[in-house]
Amino acid sequence: MLMRRLGGSGLEVSRLGLGTMTWGTIVDDYVAEDLLAAFLDGGGTLVDTAPIYGEGRTEELLGRLLAKSGARDQVVLAGKAGLSHRDGTVVRDSSRRTLLAQLDQSLRDLGTDHLDLWQIHRFDETTPIDEAMATLDDAVRSGRVRYAGISNYSGWQTSLAYARFERLGGGVPLVGAQVEYSLLNRSAEADVIAAADYLGMSVLAWSPLGRGVLTGKYRGGIPGDSRAADAHWEPFVSAYLSGPKTRIVDAVAKASEGLGVPMTHTALAWARDRAGVGALLVGARTVAQLEEALGSESLTLPAQIADALSDVS
């Protein structure tokens with residue numbers, strides 16, 4: 001798998017990353033072990049996680065698997081902090097107290113003494129931005145974090161965070177901005193991606209398959225074992241099953257048929273090679289799904305097809 005450096009830093013990651021959001025819930029221990037092995041065998045290095053994932057079970061599971069496989073040194077471990085469950089709701093909290101407490105817990109659960117990349121999960125308007133950035137900077141200076149980034153910030157929030165972090169003078173700027181991005185959701189282009197590109201940060205694109213819709217599995221209806229058939233996940237997916245989105249999915253299907261490749265390959269190759277994108281984060285429920293995603297590495301879209309998909313979307 002080809003590698004890319006995040007931002008202007010020396011941090012090198014695989015351009016396809018492994019997402020672990022459903023590990024410990026939808027994905028059980030045995031499947032997670034097979035997914036990690038298949039990802040590493042495919043040349044992947046970037047593994048993205050967070051303490052809130054898997055209802056709090058993901059990082060402990062990932063830590064056990066890294067210890068069992070002895071693969072910690074092969075992995076670029078990207079963690080997050082700033083989201084937690086309180087009284088049944090998700091709460092944003094980027095206070096120094098919460099961020100450092102979650103970092104301590106993540107390191108314990110993951111069985112490591114450092115994270116290669118640590119990101120604030122979402123912007124918290126109740127915590128001063130200087131406090132949040134100073135906490136990132138302190139974590140880097142302490143050695144418990146090698147590089148810092150942000151996740152799900154808007155364009156102006158990205159620019160503000162970058163400026164405040166840089167002002168601290170640590171020498172290495174924020175290297176990554178994580179955001180949803182795919183042919184079905186290009187809203188980030190106008191602000192987040194534009195800001196990140198101007199600042200020299202790399203975009204880590206989550207849900208590059210449009211919440212699974214760009215695989216084509218919903219074209220004939222809703223499979224019983226899909227997330228759209230699950231009451232918890234249905235609203236997350238159904239937003240991308242409407243009429244205007246269908247036209248984009250059909251265009252990806254037509255392009256894929258002409259190229260003789262799965263729709264997954266076409267959708268991932270388009271997003272992967274967009275300006276400013278450092279890596280795509282792909283989650284999978286099965287090894288077959290992950291291996292299909294890994295197969296996109298061999299595809300470079302012809303310029304005419306990439307342009308046509310951009311026009312349609």
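The first residue in the sequence is number 1, and the count goes up from there.
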Less than 4.0 angstrom from a charged side-chain N to a carboxylate O is my criterion; do E60 and R57 meet it?
no

Between the main-chain N or O of G212 and the side-chain N or O of T215, is there a donor-acceptor pair closer than 3.5 Å?
yes

For H265 and E292, indicate whether the former's side chain and the latter's backbone hold a donor-acceptor pair under 3.5 Å.
yes

Does Q102 offer a backbone N or O that forms a donor-acceptor pair with the side chain of Q105 under 3.5 Å?
no

Where the side chain of S202 meets the backbone of G7, is there a donor-acceptor pair that is under 3.5 Å apart?
yes

Side-chain (R272) to main-chain (S296) donor-acceptor, under 3.5 angstrom
yes

Side-chain ion pair, E33 and K68, N-O less than 4.0 Å:
yes

Does H121 offer a backbone N or O that forms a donor-acceptor pair with the side chain of N152 under 3.5 Å?
yes

Tell me whether D137 is salt-bridged to R141, with the criterion being a basic N under 4.0 Å from an acidic carboxylate O.
yes

Under 3.5 Å: donor-acceptor pair, side chain of S14, backbone of G17:
no

Please confirm whether the backbone N or O of G295 pairs with a side-chain atom of S298, one donor and one acceptor, at under 3.5 Å?
yes

Is it true that R4 and D273 have a side-chain N and a carboxylate O under 4.0 angstrom from each other?
yes

Heavy atoms of L115 and G79 approach each other most closely as CD1-CA, 4.1 Å

Let me see the working for E180 and R211 under salt bridge (charged side-chain N to carboxylate O under 4.0 Å, His left out), right down to the final yes or no.
CA-CA 10 Å; E180 182 177 6; R211 307 182 183 185; 2.9 Å; yes

Side chains of S256 and T266: do they bring a donor and an acceptor to under 3.5 Å?
yes

Are E189 and R274 within salt-bridge range, i.e. N to O under 4.0 Å?
yes

Output all residues satisfying side chain to side chain contact (heavy atoms under 4.5 Å, CB included) with D138, sequence neighbours left out; order by chain, then residue number.
R96

Please list all pairs meeting ring-ring contact (aromatic ring centres under 6.0 Å, His included) that have one or both residues in residues 270-302, counting only residues at least two apart or in different chains.
Y181-W270

Distance-minimising heavy-atom pair for A161 and Y153:
CB-CE2, 4.0 Å

Are D116 and R72 close enough for a salt bridge, meaning some N to O gap below 4.0 Å?
yes

